[in-house]
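As the structure is a computational prediction, the values presented were derived from the model and not from experiment. Lettering of chains follows the sequences in order, A, B, ..., and the numbering in each one begins at 1. Worth knowing before you read on, the calculation uses all heavy atoms, side chains too, and leaves out hydrogens, waters and symmetry mates.
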Amino acid sequence: MTERDKILQRIRQALVMPSPKPGSHGTVFGIGAARTAAQSARDWLPQVGPSQGDWVTRFTQNCSELKTEVIVAADAAAAQVQLQRLAAAEQWRSVATHGAGEAAAAAASLGLPVLRTDGGYRAEELEACGAGITDCDALVAQTGSILLTARSGGGRALSVLPPHHVVVARREQLVPDLPAAFAWLHHCYGPAAWPSMITLITGPSRTGDIERILVLGAHGPKKLTVVIY
Amino acid sequence: MNPNAAQFQTDAGRLAADLTHRQRIQSAMAKYYAARLPRQALFRDWQEGRQTAAETKWAALQQLDEHLLAFEKNATARGTQVHWTSTSEQARQVIVDIIQRHRAQRIVKSKVMTSEEIHLNQLLESLGFEVVESDLGEYIQQLKGEPPYHFVFPCMHLSREEISDLFENHLGTAQTHDPEALTMIARRVLRQKYLAADVGITGANFIVAETGMVSITENEGNARLTAALPRVMITLVGIEKILPRLSDLALFLPMLATAGTGQPLTCYNTMYGGPRQSGEADGPEEWHVVLLDNNRTALLADPEQRDALHCIRCGACLNVCPIFKNVGGFSYGTTYQGPIGAVITPHLRGLQDWKHLSAASSLCGACTETCPVKIDLHHHLLQNRRNAVQQGGGGWEGLLWRAFAFVMNRPRLYRLAVRLGRWAQPLQGLVQGEAFDPLQAWTKTRDLPDLAPQSFRAFWAQRVSAPAPEERRPT
């Protein structure tokens, strides 16, 4: 008998005695009566308005509390101009990016050496880049989060190893809330094409471990910028 | 008294009287409340959200076997290696085997409370591996040679001055009392560790059956780096962390962040679903998920307290607990501190050895009220007390109660005892609170109320036989 079988057997023996549904005071035992978080989360989570305008407002509000910089540009060209200003202000000497989408185009427009993570890279080189510029799957208004994966984010390290993470997103990628973000994930990758990493990034890396005082850039990027057009 | 209980009493007594310590904890907790309460108020309905979270976890546990099998199937389909371990020894052995097979030397860890539970670091260090904790608080505690003080805020008991001294001693850095500068010192040191590490070890907050993933919640990005750079990734996780569906996280992630730290969402919530897949830029070549039982099935077998396995380790019950705020995290002597630790430790490590923690509670219920997954914590403490006595752990206490019942059932004996007590109390007053005081357990921190000079029965008998005129009721 393997350890797996032993554990499963102990679980099955333990479950012979059912436990009542929470809050039912011992009257309900069938799990068919249970609510699921997946189905009803939206009913309890913080409210987000119905229009895209509400979502933009909520997203930028959340970002400003989280210390994420948001740059709203009219079109791709304007976004690239904004990015060039950023590159000059922070004196980036090289940047890293991936893919063939908005992020790659924006990175190319900077006229700096570009490291691409797609075909393999050296971690030391990636670390030395001024910024990691990535696409994303969605922006979440409710929490001010960026949803990206190992595919849309150019791997696992690009969005976390360089000191500045820049996300290039289109306006229509904004979704209202977390349930919508998870539904979008299922739509993009389900049921069997999941990337090996999916992450919700909510602000630049931070810690409060020393006297509960907020410090940005604990291990990941000190700065997070979202360029939307 | 068992050594754990004796240690708890000594440490709790010392720390409760340490005003600096208490002030530090109070100030950290004030910041926690200030962040959490307004955040929780933004929920459309926090209470219904708690109920939903509790029901989701309850239903998931009722089918724990099926969900774990689904997780295994979905994870292995994408190249993940799943290991099942019943005990601490087995989990340690599986992890050591993986490390040795890869001839790895350098190991970097993100926060893994289960590894504290199985004492992994001590073993790996004794075998000559370099093991570095990468969460800032855990790193500070590792340098200090102490376990985490609080399972969410590992070094909340330390001041910036103490951390600065620690860095100066271990890393040779200059003194600074700026939290940002201190954080940057750790960032620089740990960056090199990530880049050099062969193996990364992480914990997990949730196991997702539907997609064969684990979800890791963190603020610093240390788990992200631990899962990105080393060529082998190991995730150690308790079997109870199961959720049936990926979308369940839409509720659990914000509830964990709100209850844990008062954030809308923790900075990084990352779902891992395998080692590097074809077409992906990076990631480990191998990913091992070590599922740990370690007596969780014993807790599962107790339907009355099964809901303690709903715990998502947000730490909220510690933050609101009046006992925790006075005695601090180390007094418990457990991996999991505070009310949840007092409830589950007797199940994980033996009721008779850890029953004293059930008494480390004012039974005020603040823990139960704050728990985002509605664990009935303070009633479980009472049940643990009851179970400890039923299992014959009473000893002296049982004898004393029987003696008390004997006296109380015999009026003559009771009257004699009270008379003796009235006579003995002035003598006890001479040694009040001293080592010779037979009631020292009570009197060292409290006054003993004086026995009334006359009992009510004596007073009544006197009053009926000779009623004083002014005491007569008006007609």
State whether B:Y32 and A:R212 meet the cation-pi test: NZ (Lys) or CZ (Arg) under 6.0 Å from the six-membered ring centroid, and within 45° of the perpendicular axis.
no
Please check this pair: side chain of [X] against backbone of [Y], looking for a donor-acceptor N/O pair closer than 3.5 Å.
X      : Y      : value
A:W44  : B:F43  : no
B:W58  : A:S19  : yes
B:D248 : A:A38  : yes
B:E280 : A:G155 : no
B:T56  : A:A37  : yes
A:R35  : B:E48  : yes
B:D282 : A:A157 : yes
B:R187 : A:G217 : yes

Approximate separation, where rounding is to 0.5 Å, of A:R10 CZ and B:I239 CD1:
7.5 Å
What part of [X] gets within 4.5 angstrom of chain B, counting heavy atoms only: side chain, backbone, both, or neither?
X      : value
A:P191 : neither
A:Q142 : neither
A:H186 : side chain
A:S145 : side chain
A:L224 : neither
A:A180 : neither
A:S40  : side chain

With a 4.5 angstrom heavy-atom cut-off, could you sort out which part of [X] is near chain A: side chain, backbone, both or neither?
X      : answer
B:L253 : side chain
B:K31  : side chain
B:T85  : backbone
B:H83  : neither
B:P244 : neither
B:L64  : both
B:A227 : both
B:R191 : side chain
B:E304 : neither

Which one wins on heavy-atom pair count under 4.5 Å against chain A: B:A28, B:S86, B:A228?
B:S86
Among B:R39, B:R24, B:E72, B:Q47, single out the residue with the greatest number of heavy-atom pairs under 4.5 Å to chain A.
B:E72
Let's go through B:R224 and A:S159 carefully: what are the C-alpha distance in whole Å and the side-chain angles of both, what is the deciding distance for side-chain hydrogen bond (donor to acceptor under 3.5 Å, both in side chains) to 0.1 Å, and is it a yes or a no?
CA-CA 9 Å; B:R224 294 259 336 253; A:S159 53; 2.6 Å; yes
4.5 Å side-chain heavy-atom contact, [X] and [Y]:
X      : Y      : value
B:Y272 : A:S196 : no
B:R50  : A:P22  : no
B:L249 : A:L178 : no
B:M271 : A:M197 : no
A:V215 : B:L182 : no

Could you check B:E220 against A:S205 for side-chain hydrogen bond (donor to acceptor under 3.5 Å, both in side chains), going step by step and ending with a plain yes or no?
CA-CA 5 Å; B:E220 299 181 0; A:S205 157; over 6 Å; no
Among B:D135, B:T226, B:N222, find the residue that satisfies the side chain to side chain contact (heavy atoms under 4.5 Å, CB included) test when tested with A:H219.
B:N222
So does B:R44 pair up with A:D43, basic N to acidic O under 4.0 Å?
no
